[in-house]
Each structure stands twice: as structure tokens, then as C-alpha cells.
Amino acid sequence: MYCRKCGNVIPEGMNVCAYCGTPVQETENTAGGENNGSVYREQAPSYSGQSPNPSYSYQNQGYGTPQNMDGGARGLGIASMVLGIIALLIACWSAWWLTIILAVLSIVFGIISIQKNDSGKGMSIAGIACSAVALLMGVLVVALGAALATWIMALFS
């Protein structure tokens with residue numbers, strides 16, 4: 001017997017198709033009125049794309065590699081978001097020079113991605129936002145460090 005949705009072979013005794021999960025609907029034998037346990041009494045799908053049932057097409061029913069599972073996100077948007085998150089994490093670790101480099105790269109990648117109308121626009125915006133916060137934290141650390149160094153030098157002079 002064959003699945004009515006995907007056309008794959010369903011072993012006897014199964015209640016659902018193992019490939020697509022479609023429930024098996026048993027049909028009654030019209031001659032005897034008894035349930036013979038079959039789902040569909042039709043031919044197996046041919047490899048030429050022709051269906052034994054004219055109302056159903058077996059073409060394009062394979063389980064190939066899904067396309068665009070990421071919702072269409074593009075490389076620059078992803079790079080912007082990842083660099084922004086890393087810059088934000090490093091800003092908390094106080095490696096200010098690396099924070100500033102990664103934040104600037106993230107902002108540049110995000111702006112380029114938005115200007116190219118990439119479909120990863122949300123990730124680009126998230127990367128720019130994380131980078132802006134990280135950049136502010138990095139600049140604040142540098143400014144506070146410079147002020148502290150100036151204060152210490154004035155204290156000991």
C-alpha cells in the first residue's frame with residue numbers, strides 16, 4: 001500500500017506513513033463489505049513523474065536538501081550579529097582594544113548588509129545594536145582608564 005500524500009510504501013500494519021506522518025485511512029472493499037486492511041490499491045509511483053492517480057502528481061515530492069531554512073539570512077548579517085555579540089562579551093572582559101576592533105567591523109558589516117537589502121536585515125540590526133553598546137563600553141573603559149592614569153600620575157607627582 002502507498003501513502004496518499006507522499007506516495008511512499010507503507011508497510012502492512014502501520015497506522016501512519018513513516019515518511020510524512022499522514023494517518024492511514026482504511027478503505028472498505030465494496031464487493032464484500034469487509035475491511036481488507038489496505039489503504040490504497042493503486043500502482044506504485046513511476047520514476048518518470050507520472051502518477052497512476054491523475055489527480056495527484058508525484059513530482060517534486062522528494063526529501064532533498066531544504067532550501068533557505070535560515071529564513072533567507074545572509075552572510076554579512078550573520079557576521080555582523082556574531083561580531084557584535086562577541087564584542088559585547090569581550091567588552092565585559094575589559095579587552096577594550098579588541099572590543100573596539102570587533103565592534104567597528106560589526107557595524108560596517110551590518111551597514112553594508114542593510115544597504116544591499118539582504119534578507120538578514122534583522123540580524124544586521126541586532127549586530128549594530130550590540131556593537132554600539134560594546135563600543136560605548138569600550139570607549140568608557142578607555143576614558144575611565146585615561147582619567148584614572150592621569151589622577152594617579154597627578155597624585156604621585
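None of the values given here were measured: they were computed from a predicted structure.
- Atom CG of Asn15 is separated from atom CD1 of Ile10 by 10.0 Å, given to the nearest 0.5 angstrom.
- No donor-acceptor pair under 3.5 Å is formed between the side chain of Ser80 and the backbone N or O of Leu76.
- Every side-chain contact (heavy atoms from CB on, under 4.5 Å) that Ile125 has, sequence neighbours left out, goes to Ile114, Lys121.
- Here the OG-CD1 distance, from Ser106 to Ile101, works out to 13.5 Å after rounding to the nearest 0.5 Å.
- Residue Trp97 is not grouped with residue Val139 when hydrophobic side chains (ILVMFWY) are merged at heavy-atom distances under 4.5 angstrom, including chains of intermediate members.
- Each of Leu88 and Ile107 belongs to its own hydrophobic cluster when Ile, Leu, Val, Met, Phe, Trp and Tyr are linked at side-chain heavy-atom distances under 4.5 angstrom.
- Under a 4.5 Å side-chain heavy-atom criterion applied to ILVMFWY residues, the cluster that includes Leu144 comprises Leu140 as well.
- Here the OG-CE distance, from Ser113 to Met81, works out to 11.0 Å after rounding to the nearest 0.5 Å.
- In terms of heavy-atom proximity, Ala87 sits nearest to Leu102 at CB-CB, 3.8 Å.
- Side-chain heavy-atom separations under 4.5 angstrom define the hydrophobic clusters, and the remaining members of the one that includes Ile152 are Leu148, Trp151, Leu155, Phe156.
- Separating the CD1 atom in Ile100 from the CG atom in Leu135 is a distance of 6.0 Å, to the nearest 0.5 Å.
- Neither Val142 nor Val133 shares a network with the other; the hydrophobic side chains, linked directly or stepwise wherever heavy atoms of I, L, V, M, F, W or Y lie under 4.5 Å apart, form separate groups for each.
- For the atom pair CG (Leu136) and OG (Ser131), the distance works out to 10.5 Å, reported to the nearest 0.5 Å.
- Ile90 contributes atom CD1, which lies 11.5 Å from atom CE of Met137 (distance to the nearest 0.5 angstrom).
- Of all the heavy atoms in Gly77 and Ser124, the pair that sits closest is CA-OG, 3.3 Å.
- A side chain to side chain contact (heavy atoms under 4.5 Å, CB included) with Phe109 is found for exactly one of Ile78, Ile128, Leu83, Val104, namely Leu83.
- Hydrophobic cluster membership is shared by Leu105 and Val108, with clusters built from Ile, Leu, Val, Met, Phe, Trp and Tyr side chains linked at under 4.5 angstrom.
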